Amino acid sequence: MSNSESKPISHPVTEFKRELGLWSSTMIVVGSMVGSGIFIVSADIARSVGSPGWLLMVWLITGLVTLIAALSYGELAAMMPHAGGQYVYLKESYNPLIGFLYGWTLFLVIQTGTIAAVAVAFAKFTAVFFPVFSEENILFSIGNIRISAAQILAIGSLVLLTGINLRGVKEAKWVQDTFTGAKSIALFALIVVGIFLGKNEIAVNANFHDFWSPSSSTKEGIASGLSIVALISAIGVAMVGSLFSSDAWNNITFTAGEVKDPEKNIPLSLFFGTAIVTAIYILANIAYLLVLPLKGMPDGATVIERGIQFATSERVATAVVSVIFGDAAVLIMAALIMVSTFGCNNGLILAGARVYYAMSKDGLFFKKAGELSSKSVPSWALIVQTVWASLLCLSGSYGQLLDYVIFAVLLFYILTIGGVFILRAKRPEVPRPYKAFGYPILPAIYIIIASIICVILLIKKPEYTFPGLGIVLLGIPVFYWWRSQSKSTQAKAK
């Protein structure tokens with residue numbers, strides 16, 4: 001027998017493996033949503049609205065808006081259960097340019113910037129146990145760029161998680177299920193302890209005696225009352241933090257090519273995942289209010305005196321745990337946030353690469369990103385995503401970039417849910433195994449609320465919104481360049 005006859009014939013892998021069931025899909029939704037935001041952003045919200053009632057209302061509105069969006073996305077996901085998710089929905093609802101602008105912004109900032117931010121948060125809290133990884137430990141400098149041990153650890157965590165994802169979706173699924181389950185249990189334990197064991201009479205009297213009177217406080221502690229109009233504006237600005245903490249629920253749609261029975265399991269995972277996280281966030285804030293007074297002083301000597309508004313480094317959850325467990329709080333919360341951020345990044349890394357894969361298939365991203373490895377994963381897309389996220393870690397610019405694009409993120413959500421209406425008119429014949437709950441009222445309510453928030457951000461945060469729009473619009477010439485390159489390559493192939 002010749003050598004050529006003895007070697008098995010290998011064929012390139014052209015399809016994803018459907019390894020994700022309902023449980024794993026839900027864990028991707030929950031795990032991608034819960035990072036470190038819930039542990040810190042309530043401080044900023046508390047300063048913006050100034051009352052316990054409105055603090056909870058901001059989180060409730062955020063939860064309801066997110067749930068409405070998830071239920072609306074379910075229809076699109078069931079119609080088009082393909083890798084790429086939101087990119088595909090925008091392309092089909094509008095045109096390839098709109099889809100590309102979303103994918104471009106996702107790669108440039110939204111997904112990779114979030115991955116970088118979460119990785120650095122993981123490193124920061126690892127330094128609580130291993131001080132050698134502190135941000136203050138500068139390893140070397142290149143010009144004005146200073147590279148810290150925290151940044152190196154952050155990049156190391158991305159390389160590790162990307163390596164796991166390169167081994168296959170089954171391995172990535174195991175990490176996601178394990179870490180999301182662990183942090184969900186830990187969060188519920190924190191909530192139970194806060195509500196039933198940590199109740200503080202000082203906090204209860206302060207928070208529930210004057211539950212609804214709104215006010216606004218600066219970081220210096222200067223407070224002023226809010227009129228109805230000012231309150232609406234304050235809620236809109238405050239929701240930036242809560243919406244960012246509740247973002248990434250749509251990541252499961254990116255992985256639609258690997259979900260079993262996607263027409264059923266993606267809509268269900270979107271509902272269960274967003275409902276679970278909304279419940280966790282609201283219960284966590286109730287626990288905060290039972291343990292700490294909302295109002296405080298920036299120069300307060302104790303965690304009680306500083307309150308939620310002025311928790312040290314805005315770490316509200318750590319302040320709450322310190323009231324209950326004392327000095328051990330720092331270690332407890334560091335361990336919880338390490339687990340939370342590690343699991344969060346696994347989901348983000350897994351999902352994001354599938355969008356670049358779909359873009360590549362349309363000739364709008366690097367050609368290699370559209371190929372699957374022998375493990376049925378888009379290995380090149382995973383690697384290029386981690387390289388860019390690592391560069392953002394080193395630059396330290398991810399935080400500012402994410403501030404810039406929160407407006408754009410909302411805009412793309414509005415456009416995507418508008419796509420439900422457009423596709424109902426444009427493609428009524430396409431089977432819809434699941435239809436948007438409460439259509440047309442609930443999707444329209446989401447569009448209205450999200451549009452109001454966008455207008456508020458344009459007025460109140462122009463230093464962020466306009467640069468964010470600039471990042472999105474930079475994608476227009478890139479789109480036409482990439483499309484011309486793709487056409488040129490196709491013409492040469494002929």
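From a predicted model like this one, the values you see are computed outputs, not experimental measurements.
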What distance do [X] atom [atom1] and [Y] atom [atom2] have between them, rounded to the nearest 0.5 Å?
| X | Y | atom1 | atom2 | result |
| --- | --- | --- | --- | --- |
| L410 | I452 | CG | CD1 | 12.0 Å |
| N165 | I349 | CG | CD1 | 6.5 Å |
| C454 | L411 | SG | CG | 5.5 Å |
| I282 | M57 | CD1 | CE | 9.5 Å |
| L458 | T465 | CG | OG1 | 4.5 Å |
| F208 | L294 | CZ | CG | 10.5 Å |

Quick one: does any side-chain atom of [X] pair with a main-chain N or O of [Y] as donor and acceptor, under 3.5 Å?
| X | Y | value |
| --- | --- | --- |
| R306 | K295 | no |
| N345 | I115 | yes |
| K183 | G31 | yes |
| S157 | A119 | no |
| W59 | Y281 | no |
| Q385 | A381 | no |
| S322 | A319 | yes |
| S32 | V29 | no |
| Q151 | L394 | yes |
| N346 | V175 | no |

TODO: Please step through side chain to side chain contact (heavy atoms under 4.5 Å, CB included) for the pair F16 and V169, ending with a clear verdict.
DONE: CA-CA 9 Å; F16 287 106; V169 72; over 6 Å; no
Open item on the list: Holding to ring-ring contact (aromatic ring centres under 6.0 Å, His included), I want the full list of residues that pass it with F412, two or more places apart in sequence or in another chain.
Closed with: Y102
Open item on the list: My understanding is that only residues two or more places apart in sequence, or in another chain, count here; which of them pass ring-ring contact (aromatic ring centres under 6.0 Å, His included) with F272?
Closed with: none
Is [Y] close to [X] at the side-chain level, that is, under 4.5 Å between some pair of heavy atoms?
| X | Y | value |
| --- | --- | --- |
| Q111 | Y356 | yes |
| V30 | T26 | yes |
| I38 | S245 | no |
| T386 | S390 | yes |
| I453 | I235 | no |
| L290 | V204 | yes |
| L158 | C393 | yes |
| T162 | V159 | no |

For the student: nearest non-hydrogen atoms of [X] and [Y], plus distance:
| X | Y | result |
| --- | --- | --- |
| L108 | L392 | O-CD1, 4.0 Å |
| T341 | V118 | O-CG1, 3.2 Å |
| V420 | A436 | CG1-CB, 4.4 Å |
| S233 | K460 | OG-CE, 2.8 Å |
| S42 | Y288 | OG-CE1, 3.9 Å |

- [ ] Could you give me the CA-CA distance, side-chain angles and deciding distance for T318 and F39, then say whether side chain to side chain contact (heavy atoms under 4.5 Å, CB included) is met?
- [x] CA-CA 8 Å; T318 301; F39 306 116; over 6 Å; no
- [ ] Please step through salt bridge (Lys or Arg N to Asp or Glu O under 4.0 Å) for the pair E75 and R432, ending with a clear verdict.
- [x] CA-CA 7 Å; E75 175 169 323; R432 289 168 170 79; 3.2 Å; yes
Sequence neighbours excluded - ring pair (Phe, Tyr, Trp, His ring centres under 6.0 Å) pairs with any residue from [range]:
| range | result |
| --- | --- |
| residues 217-269 | Y73-W249, W249-Y413 |
| residues 151-185 | F179-F342 |
| residues 433-461 | F421-Y439 |

Show the atom names and distances, to 0.1 Å, of all donor-acceptor pairs under 3.5 Å that link a side chain in residues 184-203 to residues at least two apart or in another chain.
from	atom 1	to	atom 2	distance (Å)
S184	OG	T180	O	2.8
N200	OD1	I202	N	2.8
N200	OD1	A203	N	3.3

Open item on the list: Checking N250 against T253: is there a side-chain donor and acceptor pair closer than 3.5 Å?
Closed with: no
Task: Donor + acceptor pair across side chains of S24, D177 (<3.5 Å) - done: yes
Kindly list each side-chain donor-acceptor pair under 3.5 angstrom involving residues 43-56, sequence neighbours excluded, with atom names and distances?
from	atom 1	to	atom 2	distance (Å)
D44	OD1	R47	NH2	3.3
R47	NH1	Q309	O	2.8
R47	NH1	E314	OE2	3.1
R47	NH2	E314	OE2	2.4
S48	OG	D44	O	3.0
S51	OG	W54	N	3.2
S51	OG	F211	O	3.4
W54	NE1	W212	O	2.9

Review item, side-chain donor-acceptor pairs of residues 120-136, under 3.5 Å, at least two apart:
from	atom 1	to	atom 2	distance (Å)
T126	OG1	F122	O	2.7
S134	OG	E136	N	3.0

Open item on the list: side chain to side chain contact (heavy atoms under 4.5 Å, CB included), that's the test. Do L243 and D247 meet it? Break it down for me.
Closed with: CA-CA 6 Å; L243 283 168; D247 198 20; over 6 Å; no
TODO: Indicate, with yes or no, if the rings of F407 and Y464 have centres closer together than 6.0 Å.
DONE: no
TODO: Taking side chain to side chain donor-acceptor pair (under 3.5 Å) as the test, write out the residues that go with S340, two or more places apart.
DONE: none
Task: Non-neighbouring partners of S242 that pass side chain to side chain donor-acceptor pair (under 3.5 Å), sequence neighbours left out - done: T62
Task: Pairwise side chain to side chain donor-acceptor pair (under 3.5 Å) hits with a residue in residues 254-274, at least two apart - done: E258-R354
Under 3.5 Å, which donor-acceptor pairs do the side chains of residues 220-229 form with other protein atoms, sequence neighbours left out?
from	atom 1	to	atom 2	distance (Å)
E220	OE1	T218	OG1	3.4
S227	OG	A230	N	3.2

Task: Residues, nucleotides or ligands: over 12 heavy atoms within 6.0 Å of D299 CG - done: yes
Task: Residue pair T66, M33: steps toward the side chain to side chain contact (heavy atoms under 4.5 Å, CB included) verdict - done: CA-CA 11 Å; T66 303; M33 289 176 74; 4.2 Å; yes
